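Predicted, not measured: the structure shown is a model, and the values here were computed from it. No hydrogens, no waters, no symmetry mates; every other heavy atom, side chains included, goes into these values. Chain naming here is simple, since letters A, B, ... match the order of the sequence lines and numbering starts at 1 in each.
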Amino acid sequence: MTLLEALQQFVTECNQNERLREMNRDWSRRIQLEPDDTQHLHWLVSDEGLVSAGEGPVDNPDMLIQAPEEILTAIFSGEMTPTEPYNAGDLLVRGQQDDIMRLDILTLLIWGE
Amino acid sequence: MKEIVSVSLGSRHRDHESQMTLMGETVHVARRGSDGDLDRARDMIRALDGTVDALGLGGIDRYLVVRNRRYEIQDAVRMASEARKTPVVDGSGIKNTLERTIVEELHADGTIHRDQHVLMVSAMDRFGMAESFDALGYQLVAGDLIFSSHINYPIRTVDELDELARKLLPEVTQMPFHHLYPVGDAQTGDSDPRYRHYFEEADIIAGDFHYIRRYMPESLEGKIIITNTTTEGDVALLAAKGVQTLVTTTPVVDGRSYGTNVIEAALVAVTGLTAESPGWSDAVHATGLHGTVLRL
């Protein structure tokens, strides 16, 4: 699976989940994903709870997520939780703490248990 | 006399010393804050190990008990592991017993009634209390996601609370604790009324006092507050906001209601039992410890 495929799967899970849409109804953010090995940029955007994704740069990102592309793919496809690479120093996230926590919670609610 | 110390991630401004009598035994209680510095808290626990009868972990939970599952916060494990000789407790052994029964007692004596709406600012750390409200038929909103993560999503049933705990807590408990809960000076941050409507819609506001203090609106006219770790200053603040009744789930001594970790540490020091011991629940009830109801 490529990073783009993982992000598209993540987007589908978010947008089809009524509870997640309610949680994110007041959350509009631009997130830049920057694989620190391939430099192949991707983006995630939440617009009042509706999430989209794509390749390339995004203007004025609110969050920057850096990790090897394989780890980013694993996180957004649910094969790995963000905690493990974060605690190991393989995942760097820049942004507001609330936004970082929310993204963690979204991935756990989609893929957790 | 027994000696216990509560080592807290909270502010040093709330440090104090006092004495309580438990089952006929005098217990000297000291509270030592570390201003949110985990390493400093670990140093304090290491230095106190073997010198006191029991240690409490303040400003942090070690165990979150939700239904039949127990989740362990890793930063609390790191703190507790600094003690090799002295038992270390976090208050969960009290929350799961005293706080569960206090709701039943308040309901039985008419202090609260089931047509009142309940806001628990956090419930994953007080699941016993949430279950009691639910079992008695109260309409409950749990604000765990709202107040800890600013995700504006009220949890309305204990079943959903349990489901979210199963999905979130195995990972969230591995994260640095300051990502989950205000520590040190963050506990005394500015008032933030953005979620005021949850308070306004509730008749009973229960749970962690740091969350209540930070997010409460200007007026709490006629509300019932169920919490603990309040000081005389906190009581005056709540009275000024029009709170009708303040229920502390732990006893008030010298104007201060102790944290559950302090009560559990005192009980461990006096009885030699721990929350894992058979008969712990009976021991808690045998102490005659009960909360305090203050009409303000």
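- In this structure, the side chain of B/D192 does not engage the main chain of B/Y215 through any donor-acceptor pair within 3.5 Å.
- With no hydrogens or angles considered, no side-chain donor-acceptor pair links B/D159 and B/T157 at under 3.5 Å.
- In summary, the side chains of B/R31 and B/S8 do present a donor paired with an acceptor at a separation below 3.5 Å, with no hydrogens or angles considered.
- Within the 4.5 Å cutoff, the side chain of B/T260 has heavy atoms near those of the B/E99 side chain.
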Inset, instruction - Applying side chain to side chain contact (heavy atoms under 4.5 Å, CB included), run through B/L220 and B/L238 and close with a yes or a no. - result: CA-CA 8 Å; B/L220 289 171; B/L238 293 174; 4.1 Å; yes
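- Partner of A/P82 under the side-chain contact (heavy atoms from CB on, under 4.5 Å) criterion, chosen from A/D104, A/V93, A/I71, A/L103: A/D104.
- Two residues are said to be in side-chain contact when any heavy atoms from C-beta on lie closer than 4.5 Å; B/E131 and B/R67 meet this criterion.
- Residue-level contacts of residues 144-153 of chain B with chain A, in order of numbering, are B/L145, B/S149, B/H150, B/I151, B/N152, B/Y153; threshold 4.5 Å between heavy atoms.
- Residue B/Q74: no heavy atom, backbone or side chain, is found under 4.5 Å from chain A.
- The closest side-chain heavy-atom distance from A/L3 to A/L7 is below 4.5 Å.
- The neighbour count for A/Y86 OH, taken as heavy atoms of other residues, nucleotides or ligands under 6.0 Å away, does not exceed 12.
- The contact list for residues 17-53 of chain A toward chain B, using heavy atoms and a distance under 4.5 Å, reads A/R19, A/E22, A/M23, A/R25, A/D26 by residue number.
- Judged by distance alone, with hydrogens and angles left aside, the side-chain atoms of B/K223 form a donor-acceptor pair with the main-chain N or O of B/A202 at under 3.5 Å.
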